[in-house]
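Counting starts at 1 for both ligands and their atoms, in listed order.
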Amino acid sequence: MDAPEISVIPKPLLLERGSGEFRFGSHTPVTLRNGLPELGPEGYRLTVDADGVTFEADTPAAVFHAEQTLRQLLPPAALREAGGPDTWPLPHVQIIDAPRFRWRGVLLDVARHFLPKREVLRFLDLMALHKLNVLHWHLTEDQGWRVEIKRYPRLTEVGSWRRETLGDGRPHGGFYTQDDIREIVAYAAERHITVVPEIDVPGHSTAAIAAYPELGNQDVPAAAGPREVWTRFGIATTVLNVEDATVAFYQNVMDEICDLFPGDYICLGGDECPKEEWKASARAQQRKAELGLSTEEDLQAWFLHQISAHVAAKGRKLLGWDEILEGALFPGTVVSSWRGTEGAVEAARRGHDTLTSPCTWVYFDYRQSDAPGEPGAPWAAPTTLERAYAFEPVPEDMPSDLASHVIGSEATLWSEYMPSPRVVDYQAWPRLCAFSETVWSGAERDYDEFRGRLVKHLERLDALGVEYRPLEGPRPWQEQPAARWRAEEAE
Ligand code: ACM
């Protein structure tokens, strides 16, 4: 078998191909050298020549990235689990590589639809292959609470199951035990991936309120919002109340979350918190007055500050969506800008680090084309592979002296339209291949050149059993998730 074409994704900084090839087997030693200057903590040099394979890398993460590149230099069949020859051809090559951004994230929403543990582990493998290094794990929602909290067992006993979804009459649910979480976090760490948990407050909390009604605004007459684990999608008006007891509840939750997730960052969400209930609640209005606050936005900022201060006292940093800019920001909070990139510019102006996640570029729950039958959110314009590849993490209008506040970006996989792991594969790949290059590789991009490499790379995804969207169009067998929601929204 001849050495294959070289088609590494994400594209390395520098790649020079030699003329020979080396036979590589599972017992072939790799020479490791230290002392590589100026490529940063994740940079590496990889050489294949007649003597074999050499990595120059100064950190375990850099060695790991070199290994992922090596896997992509082998023929695609080498990525199959079993059944190959004893040795594989490797092209002589020299690669020098380092990432553009340190935060190369993917948000995985396991709350709207639960994703079994084995699938989360598999997703981490695929992230690692693409040098994506942050799993932003969206664990709580109106539609489900997915992480076991020992102090509050009803969060999962009640909050992890909903009666049905959009009138389908079938219960849906599931959750991760604390042992599952520890396993997933350790598995990610072995792949140099940090897991950032998101406990979304004070909106998106109906599942918690269903489990513990005292967390809700119980004095709101004839509440328009749901009080059971929500069976529909959209933005619920149901939100947490602003009692000290509710703050204490979430501080206790955060104690367990911080024990489970050793990474630097904890995400508190803060997005899409409708203010109707607080406006209608005599008790919330009384709290607002007691606290000397003038608006409901101030109430939200106050609530987030109480939780943030508790988490910060444990030495952790906070992450929140750009709605948190509506109030005073807790010191050091990283702002993820999703409604565009204005939030990123504003956060940087206020001296905060920021992640860019603009929905019209990197929300991969959106459709990949407007072809009939294409899965994904029907109410948004499609995010084609070409568009995903054209994403630029630093906003055009970011003042250059503030650009260093952009520490990276996140693509998102919200799961209203992803009822099964097969659909997650379909929505994620190959758009995450494109995204990985926007955050790892340089700012220069040539879509046709990328597409050429991708055609080879898809053979690797085939070998790994990934059910990506083919380049030529939607697969006719693809499930049509949440078809009823689609129909309702079209009305
Ligand atoms: C979001 O999409 N609500 C962050």
Side-chain angles (χ1 to χ4, degrees), residues 103 105-113 134-146 196-208 225-226 230 232-240 265-276 297 300-301 303-304 307 318-327 329 333-347 352-367 376-383 388 391 393 395 408-418 424 427-428 431-432 435 482 485 489:
W103 190 305
V106 185
L107 176 139
L108 189 60
D109 171 8
V110 293
R112 268 56 171 264
H113 283 101
V134 179
L135 178 70
H136 177 161
W137 206 11
H138 190 75
L139 286 164
T140 69
E141 258 303 335
D142 298 308
Q143 294 85 2
W145 182 286
R146 307 281 175 232
V196 176
E198 178 174 351
I199 304 295
D200 202 347
V201 291
H204 292 277
S205 298
T206 306
W230 207 18
R232 315 201 73 74
F233 298 121
I235 303 173
T237 51
T238 307
V239 300
L240 296 174
Y265 290 88
I266 305 287
C267 183
L268 294 185
D271 58 321
E272 298 175 326
C273 175
K275 307 296 186 294
E276 283 97 321
E297 283 70 27
Q300 164 157 340
F303 186 89
L304 288 168
I307 319 286
L318 283 305
L319 172 65
W321 299 105
D322 56 46
E323 285 92 333
I324 64 175
L325 289 160
E326 288 160 13
L329 287 178
T333 301
V334 173
V335 177
S336 187
S337 185
W338 71 277
R339 296 175 296 180
T341 52
E342 297 81 0
V345 176
E346 167 73 10
H352 286 250
D353 283 346
T354 183
L355 296 169
T356 47
S357 235
C359 55
T360 60
W361 293 92
V362 293
Y363 267 35
F364 295 162
D365 55 323
Y366 292 5
R367 292 168 302 155
W379 35 264
T383 299
F391 170 59
S409 294
E410 287 188 349
T412 69
L413 290 165
W414 301 104
S415 63
E416 289 96 332
Y417 289 93
M418 300 197 301
V424 175
Q427 294 295 83
R431 284 187 292 191
L432 280 178
F435 176 76
W485 190 26
E489 297 216 345

For [X], atoms of ligand 1 separated by under 4.0 Å from a heavy atom:
X    : result
E272 : 3 (N)
W414 : 1 (C), 2 (O), 4 (C)
Y363 : 1 (C), 2 (O), 4 (C)

Nitrogen or oxygen of D271 less than 3.5 angstrom from that of ligand 1: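 N/O-N/O distance below 3.5 Å exists for this pair.
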
Check for me whether the distance between the ring centres of [X] and [Y] falls short of 6.0 Å.
X    : Y    : result
W379 : Y366 : yes
W414 : F233 : no
H136 : W321 : yes

Where the side chain of D353 meets the backbone of V334, is there a donor-acceptor pair that is under 3.5 Å apart?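 Not confirmed, D353 side chain does not pair with V334 backbone.
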
